[in-house]
Protein chains: 2
Amino acid sequence: MAKYKNVADELRKQIKQGNYPKGGQLPNQNELAEKFDTSRVTIKKALDLLSVEGLVFSVQGSGTYIKKNIAQISDTGIKIGQNIGLTHQIGEQTELVNKVLAFNVRFPSDEECEQLMIKNESPVYEIKRLRVINNRPYSIEYSLLPVELVPNITPAILEHSVYDYIRQDVGLVFGGNQQFIKAAPPNEEDRQYLNCKDNEPVLEVTKVMFLENGRPFEYSKVRHRYDMVEMCFNNTQQE
Amino acid sequence: MAKYKNVADELRKQIKQGNYPKGGQLPNQNELAEKFDTSRVTIKKALDLLSVEGLVFSVQGSGTYIKKNIAQISDTGIKIGQNIGLTHQIGEQTELVNKVLAFNVRFPSDEECEQLMIKNESPVYEIKRLRVINNRPYSIEYSLLPVELVPNITPAILEHSVYDYIRQDVGLVFGGNQQFIKAAPPNEEDRQYLNCKDNEPVLEVTKVMFLENGRPFEYSKVRHRYDMVEMCFNNTQQE
DNA sequence: TAGTGGTCTAGACCACCCT
DNA sequence: GGGTGGTCTAGACCACTAA
């Protein structure tokens, strides 16, 4: 583990524990560098991480401060960008059931080829799952995975966590992802599986997941019941 | 302007011009450092920027490559996190009209105080605007701005761009923002102003905008017609 | 003016990929 | 084993803030 990540972890822990008062100032970068026995550049990199996470902000010439409204950010909604999979994203007392509605293999369409950067002849798994949380329908997920990248998927895997399987068993390392989010009126399947009434919309999230090496390994569309999910996003300094 | 931003700008321009083939490899960091007459660390920082933007990705031990599906990312939808304001986010041939539906001053509620980090006695502007693009209703925006931070707002400003006013006339510098996104059934105002039918939902975006010094200067809720907007988001390496 | 964060450099070592 | 990116250091200079 890189040193700057360790420093960030430690500072994050201390901040969340309340060792520094909310709205308060952190020690300056030189002090932190000494305290963590490292260089100032490394401290800066750690602080940049925390800044992206929305925990602190820095003002040139003044100092680095702890944001006042931290609690709400980390507790509400689902963080955009986290690719740990829904299985690990929900709380402790909640019960998540993945019901497999469809599981096939087929050749991809032209659009799917482009998104997944594969050839037309390269087969993909086509998966449709219903997510149920505490006995309430939560979302329908339509996902495509190239067989050559993620082989040997089974219904048992689908009922647990695909991402766990990909990481732990296939041994792939995740990179970034792209997401497109919009609202949509309910369609037939939303009404059937999510119990949407005519005026109850869904939040549709289209996502392409990438490996560390830049190859896409999943192209998915998830339709959430509007009252079960809120996506949250934290954006840092621009120019 | 920082050197690493200049390097990023230059590389971005070259990539978008197609000087490097899509899916191709960039020169290695040492070559780039020499070419731009700078250090490798600075090159790395520039490449990190482009990586966050989704233009390139790096593989340790192998090289830095140009992403294949760039066009779609930059052209579709509205980028989450850009705080340039809608006025500058839409294209050239489009006509944006801001119709002011309400413009008041009042004291904030407790929740609003917390979001804006101000006191109950500190007045806020309360603004309701309808956005119309090419004669089609686009979104309703409800926003609150502390009078002490952003004084002297006028209807004329509201019809143009509030963000332009804040930056150019008030002279404040923007920092980051937090956004919460969900789908919602249409309410009375959505039906009235956005012409939503009963089954036509809205995409609701709640946003807190921060200044460079960490102070919030705007708390807003925007309800978009579901068929007029898609938010897109690009997320990079985790772990 | 003193203190702080932002940036930059040159050089170094390591982990990883590919052949 | 040679090439690549990831990280780290010590020291430096600058821009900005705050008194």
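Everything quoted here is computed from the prediction, not taken from an experiment. Each chain gets a letter, A, B and so on, in the order its sequence line appears, and its residues count up from 1.
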To the nearest Å, give me how far apart [atom1] ([X]) and [atom2] ([N]) are.
X: A:Q25; N: C:dG5; atom1: CD; atom2: P; answer: 7 Å
X: B:K44; N: C:dA12; atom1: NZ; atom2: P; answer: 21 Å
X: B:N6; N: C:dC8; atom1: CG; atom2: C1'; answer: 13 Å
X: A:E31; N: C:dA2; atom1: CD; atom2: P; answer: 18 Å
X: A:M1; N: D:dC8; atom1: CE; atom2: P; answer: 11 Å
X: A:L32; N: C:dG3; atom1: CG; atom2: P; answer: 17 Å
X: B:I43; N: C:dT7; atom1: CD1; atom2: P; answer: 15 Å
X: B:K3; N: D:dA12; atom1: NZ; atom2: C1'; answer: 14 Å

Net bend of the helix from C:dT1-D:dA18 to C:dC18-D:dG1, end axes of five pairs each, nearest 10 degrees: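 Rounded value for the end-axis angle: 20°.
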Taking the nucleotide of DNA chain D with the closest heavy atom to each, which residue, B:V41 or B:N28, is nearer the 5' end? B:N28
Is it true that [X] and [Y] have a side-chain N and a carboxylate O under 4.0 angstrom from each other?
X: B:E112; Y: B:R106; answer: yes
X: B:K35; Y: B:E10; answer: no
X: A:K45; Y: A:D48; answer: no

Run the side chain to side chain contact (heavy atoms under 4.5 Å, CB included) check on A:R167 and A:L172 step by step: do they pass? CA-CA 5 Å; A:R167 283 215 255 222; A:L172 299 177; over 6 Å; no
Begin with the C-alpha distance, continue with both residues' side-chain angles, and end with the deciding distance and a verdict on side chain to side chain contact (heavy atoms under 4.5 Å, CB included) for A:L145 and A:I166. CA-CA 11 Å; A:L145 299 103; A:I166 294 175; 3.8 Å; yes
Within less than 4.0 Å of OP1 or OP2 of [N], is there a side-chain N or O belonging to [X]?
X: A:S39; N: D:dA10; result: no
X: A:Q29; N: C:dG3; result: no
X: B:K45; N: C:dT7; result: yes
X: A:S58; N: C:dG5; result: no
X: A:Y4; N: D:dT7; result: yes

A:T38 has a side chain; which of D:dC8, C:dG5, D:dT7 sits nearest to it? D:dC8
Tell me if the centroids of the rings in B:F233 and A:F233 come within less than 6.0 Å of each other.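 Yes, the ring of B:F233 comes within the 6.0 Å limit of the ring of A:F233, centre to centre.
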For each nucleotide in nucleotides 13-19 of chain D, reading 5' to 3', give B when a protein heavy atom comes within less than 4.0 Å of its base, S when such contact involves only the sugar-phosphate, and - otherwise. ---BBS-
Take atom CD of B:E34 as the centre, draw a 6.0 Å sphere, and report whether it contains more than 12 heavy atoms from other residues, nucleotides or ligands. no
A:D37 atom CG, over 12 foreign heavy atoms within 6.0 Å: no
When you compare the side chain of A:T64 with that of A:L50, does any pair of heavy atoms fall below 4.5 Å?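 Result no, sub-4.5 Å side-chain heavy-atom pair not found.
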Could you list the residues that satisfy ring pair (Phe, Tyr, Trp, His ring centres under 6.0 Å) with B:Y165, not counting sequence neighbours? none
